[in-house]
Structures are given as C-alpha cells and as structure tokens.
Asker: 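Here it is, the structure in full.
On a predicted model such as this, the values are computed, not experimentally measured, just so you know.
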Amino acid sequence: MEQNSLNRRLFIMGGLFAACMVVFILAMFSAQIVHGEEYRAQSIRANTRTEAVEGSRGILTDRNGKILVSNRPIYTLDFDASLLDSEELNDAILRLLALLDEKGIEYSDDLPLSRSTPYTYDGSSADFSALADYLVSKKWIDEGAVDPDGVPADFSAIALFLALRTEFDIPDTLTAAQARSLIGLRYSLAVAQLSGYSSCTVASDIDVALISLLKDGNFAGVTIGKSSQRVYETDAAAHILGRVDKIYKEEWAEYKEKGYSYNDLIGRDGVEAAFEEYLRGTDGKRLVTLNDSGKVIDELYSIEPQPGGTVALTIDIDFQEQVESILAQTTSAMTRADGIGRGAAAAVVQVGTGDVLALVSYPTFSLSSFSADYNALSSDPLTPMWNRATQGTYAPGSTITPLTAVASLESGVTTTSERIFDTGKWTYPGYSASYTYCWNRAGHGSLNVTGAITNSCNYFFAEMGYRLGMDRLNSYFSAFGLGEHTGIEIGDAAGTLPSQEEGTNLAPWAAYGQANQLYTPLQLANYIATLAGGGERYETHLLKDVRKYDSADLITVYNEPPVETIPIDSRNLTAVLSGMHDLATSGAISGYFKNCIVDAAAKTGTAQTNDTKNNNGVFVCFAPYDDPQIAVAIVIEKGGTGASLASSAVDILNAYFSSADESAPVLGENALIK
C-alpha cells in the first residue's frame, strides 16, 4: 500500500517536472526563436549607447615642417537636460555647481551677464545675438529691438536677471551668486535647445580625479565627453594662425547643413578659418556595451573618426620670429626715445612665387593666453589684435617712385637718357599757384630717371606725373596689384588708388606717393616682388600644401601661375632697379647697407599723416640685386623718414640670408619637425 502511494507521488512529481520542462522549453523557444530578434534589439537598446568619437582637428606647420599648432586630448564635463525631469533640473545643477565650487573648478555659461551685482551686460557680439534670439522666442522683446552693439535696447540687465529667475523657477533661498550660476547654466541649456540640442558643456579640460568624483557621486544629468584643445607651439604669427571658437547661434543653420555638431569648434580667423575645409576632422561613431556599473565592456561596431589634414604654410617660423623681434625692437626704441606709442608692420614675399615668408604686425599678442588677455587687448589703444600688415593702409611716400618710373618709361613720356633739371620747386605748367617742393629745397640739379630714384627727387616725379596723367598712372599701379586684394587667404584691405575731382589733376603729387592713395604693407611688398621679378605678378598666399593626417598623401599643393605679366623693356627695368641699387650702395642709406650680407636694392618713403609733426616711415627693398629672391616692405607709424627703417630692413635681410646659407638637416620625406 505504501509502495503504491510512493509511486503515485513520484509519478506526480515527474509529471510536474516534465510540465515545467515543457513550459521552460516553450519559453526558451519563444524568447530565442519566435521573439529572438525583438528581445535582442531591446537588450541592445537597454545595455548599449552610441558615442560620438571626435575627429581631431588638423595640425599647422611652417614651410619646413615645423609644427605651429597641434592638439591635446581633453575631457569635458557636459550636462544633458534630457536625462532628467524638468522639476529635477535645478537641484541636479546646484549639486553639480556646489562640487565644482568646492574643488575650485572653473565653469562657464553663455549668458552675457556679469557674475556679480549690480548686473550689467557683458559678452561678445555672438553672445548678444544668441540672447536676442532667445528673448524674441520668449516674446520678451520684438525682433530687432537691440542697440548697434547687439545689446537689448529696452531690456535692462537686471530685468533680464529677474525674468530668467522667474522663468527657471529659481528658489528664493539661494544667494545672488548661486542664483546667477544656476540661471547661467539653465540659460545655456535653453539656448542649446533652440538649436535642437539638449546638452551644453559646463567645464573643459577636467582631470581624472574630478571624473571619478562625478562617477562615484552619481551626479544626475552629467556626462563626460572627449574633445581636444589647440596647442600653440609658438608665440609668433598670432595674426596669421588665428583662433578656433564655438559656432555662433546665427551661424548654426549654415554649419548644421555642413554636418557640424552644435558643440564643434571652427576656425574663427587667420588660417584656422581660411583653411577650415582642410583642418576640420570628421567625427566617428561607436556603439558600446555597458555592464551594470556603467563601464564599457565591448564595442559592437564603429565608424572610424578621420582627423583633419596637415596644412603646411609658406612662412618660415624661425624667420617669422626674427622679423617680429626686429620690428618690436625698432618700434619700442622709437617709443622710448620720444614717448609716442606706435604700431608697425612688415611683409616679406618670395619673388617669383608670391609665397609669404613672414607677415608681422606690431604690437601683437599670444594665442595661448588670448581668452585671459582679451579685455586688456580689446581696450589697448594700439589695437594689438588688428593685423596692420594686411588691413592697415598707408600712403606709400616715395616708395612708389620706382613704379612711376616704369610707367613713365614704358609709356614713352621719358627715356633712360633724358635729364631734367631740379630747381627745388616744381610748378604746374601754366598755373604758378600750384606747385610742390622737392625735399631738397636747393634742388638736385640735372637728373635722369635712375638718379631721380636714388635721390628721391619729387621734382622729377611730379613732372612724370604731369606727363602721364592720373588714368595712365593708375593703370600701372593697378597692373602691379595696388588698389586691389593681393589674394592672401586670410583676407586683406584692397587699398585705395589716387583719385581726383573732375577738372583737377593730382597726378604730379600721386606720382611720388601723395594724393590720397593708401596701400597695405603686403601690397607694397608684392609690388616690389613684381618689379624685381621683371613684371610677373603673383597672388600672395600662405598655403604651401595639404597632406592627409598621416602625412602620406598630398591633398593639394599651391602651384598657381602669375595672375598678370606686365611687359617691361629690359633697359627700362635696369634703369629703375639700378636707381634702387645705387640708393643702397652709394646713396643716403648706404651706411646702413654696408652691414648687409647680400647685395640689395631699396627705396625709402616718408608718408604724410594727419599728424603734421609725425610722418609714417615706409621702406621697401629686395635682394639679392642680381638674382632677386625676396622683397620686403616695412611701415612704422609715426616713424619719421623711411631712412630710419633701413637698419631694420638690413637686419631682416641678414636674418633671411644667413639662415638660408646654413646647412639644413636632411629629413625624411613628409617629416614633421617638433
């Protein structure tokens, strides 16, 4: 009896076990076969995430491969509002800000409002543009209701603070400083949301210790991003290299179409902006699997990021640094002597190519500390951020006379043998009330065109201007690139050709550099390079070549032909260049050029300004005389006569040709020099 009962129990238990096995097998079949793909997709969504992998920005080198600007990888602290409910935002942000304050970590926001009371507007034009968009979106101001600087016209800083405090439901228990910080980050998130993004960067270049605290403390809304920071390997060439910056609100639509992300950095000026298409990296993507603690345990697939290209510039950074030092020493010495603050510029262009070998504007600044120095730089009366070499326009003075001589000889209004007697005062034919004096009031006596250049004879060139007329004179000025852009990729001022009212003739004055004509130092250097090159005019440029990030393959090489070839009879050209050569070898500045290590040719200029006591000094030269390789132009504001710049020109020529004579190390193909 007992045996039958035991058998029944075993049978029942076996049946139950079998039923369980059937249910288990059916469940497994359903999970793995029937719904396998669906559950797998759910699992992937629950345990994986997609991460952007930044494609680093390309590096910049000089013509010899020396690295000028590179990158350093950094971590960023980002805050993502989509990871929290709206009512949790303030508490989460306050907790984060308290940690950053405790650890002394600097953080930023996009709100153009001072950090302390009394609140005032404080920000860039881009910040105010974004603010105006936000205020219009909230219907707090009408579109366009801003002053010329972009600041809201009828919406005070304190009104903005109070409106945002209400909008973001900022607790009354917070101090003013806490409220300002919380409002700033909430505003940054709101501005990002206007562009379709839910996150913003709170702090950059954070260390591993802070990352550990954020991870261990489970700070809601916080994500850690990876980015890179530009590293400047030189303090020189700031005006050439330029900066990178965030995308402005008004630019976002344009850059979004090009595939940029909201937090991407772009070239803002200089070659960083000019060569953005080559320098920009392409971001990759990776899908990673996480464990329960949030650590990455596997990478399912990835799209490899592509770093930007390596852009080689035409400048020689060692030479650039030397020219900057020479110009700074000369200019500061003048200021110490007379107490007058002044700016200066120099440009060095390669003859026969248009390569810009050095481009200097004084005073300058450091890109490494630009953000910290910005307020001081922007308020400096000498405007150090302004690139005088490409944007400053100056009267050329007598440095224009070699070109006037070419125009006169080629037009047939004079010959190489004609001699004109300089009495010291040139009078307009038939109109004795109109005249000009030569700088030598006693006159130079009988001179041909070569002697007129050497002696900088205003009388001779006033006569040439009268014979040519303004139209013919300007046609030659234009042919040599004056009064138009030089082609340099970072942009430049076009300058101004001499002009006159109808019924007047200012050509006699324009012929020796007066009469409202203005040119950049780069234009003057390129005009001299064109003259020394026999009439072949090239566009000036900073691009040498671009290679792929691994320096293996060339993407592009600059190799453009001359944009214009001006026919110049060899006898006429020799007469003109001989006048410049005589000035350097036996003329007024020969004392300076006896120290020059190469045979050179030069022309001085004294350019009148609104300050009648202080003329600008202008100087141009080229070398070697018998095989021209480089052309130089120097302008020093309130620098007096052009002759006072001659010693600087000699130093520049010596720096270039002494370096060129040194034996360079033999490098492997495509090598970079650190």
Asker: Measuring from Ser198:OG to Asp80:CG, what's the distance to the nearest 0.5 Å?
Answerer: 3.5 Å

Asker: Do the charged groups of Asp207 and Lys103 touch, with an N to O distance under 4.0 Å?
Answerer: no

Asker: What is the distance from atom OG1 of Thr353 to atom CG of Asn559, rounded to the nearest 0.5 Å?
Answerer: 10.5 Å

Asker: Any non-hydrogen side-chain atom of Ile67 less than 4.5 Å from a side-chain atom of Leu60?
Answerer: no

Asker: Salt bridge between Lys544 and Asp355, side-chain N to carboxylate O under 4.0 Å?
Answerer: no

Asker: Report yes if the side chains of Leu367 and Arg243 come closer than 4.5 Å at any heavy-atom pair, otherwise no.
Answerer: yes

Asker: May I ask you to decide if Asp85's main-chain N or O and Glu88's side chain share a donor-acceptor pair within less than 3.5 Å?
Answerer: yes

Asker: Please answer whether the main-chain N or O of Ala237 pairs with a side-chain N or O of Glu324 as donor and acceptor at a distance below 3.5 Å.
Answerer: yes

Asker: Ring of Phe219, cation from Arg95 - is the NZ or CZ under 6.0 Å from the centre and inside 45° of the axis?
Answerer: yes

Asker: Taking atom OH of Tyr107 as the centre, report whether more than 12 heavy atoms of other residues, nucleotides or ligands fall under 6.0 Å from it.
Answerer: yes

Asker: Just verifying a value: how many Å separate Ser56 OG and Gln306 CD, rounded to the nearest 0.5 Å?
Answerer: 10.0 Å

Asker: Going from CG on Asp545 to CD1 on Ile555, what distance comes out if it is rounded to the nearest 0.5 angstrom?
Answerer: 9.5 Å

Asker: Ignoring hydrogens, what is the shortest heavy-atom contact between Ser228 and Ile74? Give both atom names and the distance.
Answerer: N-CG1, 3.9 Å

Asker: Before you tell me yes or no, could you show the steps for Arg230 and Tyr232 under side-chain contact (heavy atoms from CB on, under 4.5 Å), namely the whole-Å CA-CA distance, both residues' side-chain angles and the distance that decides it to 0.1 Å?
Answerer: CA-CA 6 Å; Arg230 290 305 246 176; Tyr232 301 98; 3.9 Å; yes

Asker: Of all the heavy-atom pairs spanning Gly392 and Trp386, show the shortest one and how long it is.
Answerer: CA-CZ2, 3.4 Å

Asker: Have a look at Asp492 and tell me which of Thr486, Thr393, Thr520, Asn387 forms a side-chain hydrogen bond (donor to acceptor under 3.5 Å, both in side chains) with it.
Answerer: Thr486

Asker: Minimum heavy-atom separation for Thr364 and Pro384, please, with both atom names.
Answerer: O-CB, 3.7 Å

Asker: So Lys256 and Glu251, salt bridge (charged side-chain N to carboxylate O under 4.0 Å, His left out) or not? Walk me through it.
Answerer: CA-CA 9 Å; Lys256 185 178 182 181; Glu251 301 171 323; over 6 Å; no

Asker: Are Glu536 and Thr530 close enough that some pair of their side-chain heavy atoms sits under 4.5 Å apart?
Answerer: no

Asker: Side chains of Val546 and Phe275: closer than 4.5 Å at any heavy-atom pair?
Answerer: no

Asker: Can you name the residues that form a ring pair (Phe, Tyr, Trp, His ring centres under 6.0 Å) with Tyr248, not counting sequence neighbours?
Answerer: none

Asker: Under a 4.5 Å cut-off applied to non-hydrogen side-chain atoms, are Arg537 and Pro562 in contact?
Answerer: no

Asker: Going by an N to O cut-off under 4.0 Å, is there a salt bridge joining Arg180 and Asp109?
Answerer: yes

Asker: So, for Pro521 and Ala389, which heavy atoms are closest and what is the spacing to 0.1 Å?
Answerer: CD-O, 3.6 Å

Asker: Of Val202, Leu214, Ile206, which meets side chain to side chain contact (heavy atoms under 4.5 Å, CB included) against Leu100?
Answerer: Val202

Asker: For the residue pair Tyr278 and Glu276, confirm or rule out a side-chain donor-acceptor distance under 3.5 Å.
Answerer: no

Asker: Say whether Thr330 and Ser648, considering side chains only, have a donor N or O and an acceptor N or O under 3.5 Å apart.
Answerer: yes

Asker: Leu542 versus Ile488: any side-chain heavy-atom pair under 4.5 Å?
Answerer: yes

Asker: Would Lys258 count as a cation-pi partner of Tyr255, with NZ or CZ less than 6.0 Å from the six-membered ring centre and within 45° of the ring normal?
Answerer: yes

Asker: Under the criterion side chain to side chain contact (heavy atoms under 4.5 Å, CB included), which of Val348, Ile528, Val323, Leu357 is the partner of Val632?
Answerer: Val348

Asker: Looking only at heavy atoms, which two atoms of Thr331 and Ala344 are closest? And how far apart?
Answerer: OG1-CB, 3.5 Å

Asker: Without hydrogens or angle criteria, can the side chains of Thr201 and Asp78 be said to hold a donor-acceptor pair below 3.5 Å?
Answerer: yes

Asker: If you measure from the Lys or Arg side-chain nitrogens to the Asp or Glu carboxylate oxygens, is any gap between Asp316 and Lys66 under 4.0 Å?
Answerer: no

Asker: Does OH belonging to Tyr374 count more than 12 external heavy atoms closer than 6.0 Å?
Answerer: no

Asker: Say you draw a straight line from CG of Leu210 to OH of Tyr75; how long is it, rounded to the nearest 0.5 Å?
Answerer: 12.5 Å

Asker: Treating Asp245 as the side-chain partner and Gly267 as the backbone partner, does any N or O pair qualify as donor plus acceptor under 3.5 Å?
Answerer: no

Asker: Okay, side chain of Asp62, backbone of Ile317: is any donor-acceptor separation there less than 3.5 Å?
Answerer: yes

Asker: Any donor and acceptor pair, going by atom type alone, linking the side chain of Thr314 with main-chain N or O of His541 inside 3.5 Å?
Answerer: yes

Asker: Can Gln320 and Thr234 be said to form a side-chain contact (heavy atoms from CB on, under 4.5 Å), step by step?
Answerer: CA-CA 10 Å; Gln320 171 80 21; Thr234 176; over 6 Å; no

Asker: Supply the atom-to-atom distance Thr383 OG1 to Phe365 CZ, rounded to the nearest 0.5 angstrom.
Answerer: 11.0 Å

Asker: Regarding Gln329 and Ser325, is there a side-chain donor-to-acceptor distance under 3.5 Å anywhere?
Answerer: yes

Asker: Run the side-chain contact (heavy atoms from CB on, under 4.5 Å) check on Leu113 and Asp122 step by step: do they pass?
Answerer: CA-CA 5 Å; Leu113 196 68; Asp122 180 21; over 6 Å; no

Asker: I would like to know whether Lys246 and Asp127 meet salt bridge (charged side-chain N to carboxylate O under 4.0 Å, His left out); could you show each step before the answer?
Answerer: CA-CA 11 Å; Lys246 62 186 179 181; Asp127 293 330; 3.6 Å; yes

Asker: Looking only at atom types and distance, does a side-chain atom of Ser379 sit under 3.5 Å from a main-chain N or O of Ala376, one as donor and one as acceptor?
Answerer: yes

Asker: Grab the two heavy atoms, one from Glu233 and one from Ser70, that are nearest each other, plus how far apart they are.
Answerer: OE2-OG, 2.8 Å

Asker: Taking side chain as C-beta onward, heavy atoms only, is Val311 less than 4.5 Å from Leu313?
Answerer: yes

Asker: Determine, stepwise, if the pair Val146 / Val151 fulfils side-chain contact (heavy atoms from CB on, under 4.5 Å).
Answerer: CA-CA 5 Å; Val146 296; Val151 179; over 6 Å; no

Asker: Hey, are Glu106 and Arg115 close enough for a salt bridge, meaning a charged N less than 4.0 Å from a carboxylate O?
Answerer: no

Asker: I'd like to know if the side chain of Ser369 pairs up with that of Asp373 as donor and acceptor (distance under 3.5 Å, no hydrogens or angles considered).
Answerer: yes

Asker: What orientation do Phe168 and Tyr134 show, parallel under 30°, tilted 30 to 60°, or perpendicular over 60°?
Answerer: tilted

Asker: Does the structure place the NZ or CZ of Arg57 under 6.0 Å from the centre of the six-membered ring of Tyr549, at an angle of no more than 45° from the ring's axis?
Answerer: no

Asker: Should Val69 and Ile59 count as side-chain neighbours, where that means a heavy-atom distance under 4.5 Å?
Answerer: no

